[in-house]
Amino acid sequence: RDQHKFSGIVEDCCCDYETVDHLNEEVLNPSLQELVKTPFFRYFKAKLWCDCPFWPDDGMCRLRDCSVCECPENEFPESFKNYQRSLSADDLVCQEGKPQAAVDRTLDSNAFRGWTETDNPWTNDDETDNTEMTYVNLQLNPERYTGYTGPSARRIWDAIYAENCPKYPSEEVCQEERILYKLISGLHSSISVHIASDYLLDEAKNLWGQNISLLHDRVLRYPDRVRNLYFTYLFVLRAVTKAAPYLEHAEYETGNPVEDLKTQSLMKQLLFSPKLQAACPVPFDEAKLWKGQRGPELKQNIQKQFRNISSLMDCVGCEKCRLWGKLQVLGLGTALKILFSVDGHENIDQTLQFQRNEVIALMNLLNRLSESVKFVHEVGTSAEITMKGQ
Ligand code: FAD
């Protein structure tokens, strides 16, 4: 029924589906899975209680799993800590199930030493906006089914698509404008894949598992959603490899030399993988975009649209969804910043500066997309085998 098998070059990219699946499963996914567990990459700084600039918040969240488990202080890497903060016993336990529980609003500027605090023009959420932000251990808060659905969730997606990146009829629209739509659609697919791969199958028994029919209904049944997922993966991968000269030497210090060395080495493995360089050296060719007279204006417009999308994340009415929505939109904004701020031959090391949070978001987004591509491919392949066997 569904179209599982994709072949040929991923639209607007430079590698074919088979190569992407192979590289993802053999090289990228295993390294990314390790990387996101390291102390540097598992803590994300987020503003979780936010005023929605568009509508009064009517977000409904049915399950306790919606709420985010904040990090006990003793779990932070040493350099993330704020020594002025006094802790109550309550702060030391996981706050899951208590969405009203106080958010850690204090921050230690030393935690971000070695990293500049520059605004990312592509997003609305910035580390520089230090009030009301808290650290979250992403490992304790996996992106999965939360029960967030209905008009509130629907309104966010509708606003993102309708106001910010309408589905342009393909002939009339230039490639650059379609890219924003494809990135959002690819991210949407990835979120749906994560809901399907970690679903609450039986609420009474608290039984979690895969919901393959949901995956079919929301993603696999629509070839363009699968294509957009692969596109987004390659787009972000290209941003990461383009920023390799910067990311290779970035400061991954968390006060744990053994772990930090591991982080550095995993980053190098990813950035300079010989297999990746041999099979898919330029996953996406940004050099073709934003050329000509309309270039600067177009870039500005798309940047504005993306900032609106970023603001919409404050309206997501489920805390855990908001966390991952914000992280992934910041990750996409960082990828856009990398690919469209630096011309082909400029030295990225001297041109761009990153916030720590941007790098954390970028690599965690790449991991999420990699997981989604892997799951879609596995389910597609097993469905194909089943179909052949029938
Ligand atoms: P939705 O996924 O809400 O889709 C709405 C409409 O958008 C569809 O009817 C279709 O027309 C279109 N559409 C769907 N997919 C695509 C695509 N890939 N490309 C283009 N168009 C598409 N729920 C959770 O359980 N866990 C989460 O972590 C989570 N995170 C979220 C993060 C954000 C930022 C948002 C806005 C929502 C999140 N949700 C999460 C809710 C979830 O995405 C769905 O909205 C919800 O499950 C209801 O799904 P639905 O079937 O109504 O379709």
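Residue numbers start at 1 and run along the sequence shown. Ligands are counted one by one from 1 in listed order, and the atoms in each one are counted from 1 as well.
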- Considering distance alone, does some N or O of Thr146 sit under 3.5 Å from an N or O of ligand 1? yes
- Message: Between ligand 1 and Ser189, is the shortest N or O to N or O distance under 3.5 Å?
- Response: yes
- Evaluate the criterion ring-ring contact (aromatic ring centres under 6.0 Å, His included) for residue pair Tyr145 and His194; output intermediate values, then yes/no. CA-CA 7 Å; Tyr145 173 73; His194 279 93; over 10 Å; no
- Should Gln328 be listed as contacting ligand 1, given a heavy-atom distance under 4.0 Å as the test? no
- Query: Short N/O distance, under 3.5 Å, between Thr149 and ligand 1?
  - Reply: no
- Is there a side-chain contact between Asp21 and Tyr230, using heavy atoms and a 4.5 Å cut-off? yes
- Among Arg227, Arg218, Lys326, Arg225, which residue places a heavy atom closest to atom 50 (P) of ligand 1? Arg218
- Message: Could you tell me if the side chain of Ile302 sits less than 4.5 Å from the side chain of Phe340, heavy atoms only?
- Response: no
- With Arg225 as the cation and Tyr222 as the aromatic partner, state whether NZ or CZ is under 6.0 Å from the six-membered ring centre and within 45° of the axis. yes
- Query: Is the shortest distance from a Lys or Arg side-chain nitrogen in Arg368 or Glu371 to a carboxylate oxygen in the other one below 4.0 Å?
  - Reply: yes
- Donor-acceptor contact present, side-chain Thr334 to main-chain Leu330, <3.5 Å: yes
- Note on the structure: Judged by heavy atoms only, the candidate from Gly147, Gly150, Ser185, Gly325 nearest atom 19 (N) of ligand 1 is Ser185
- Message: Geometry only, no angles: is His188 polar-contacting ligand 1 at N/O separations under 3.5 Å?
- Response: yes
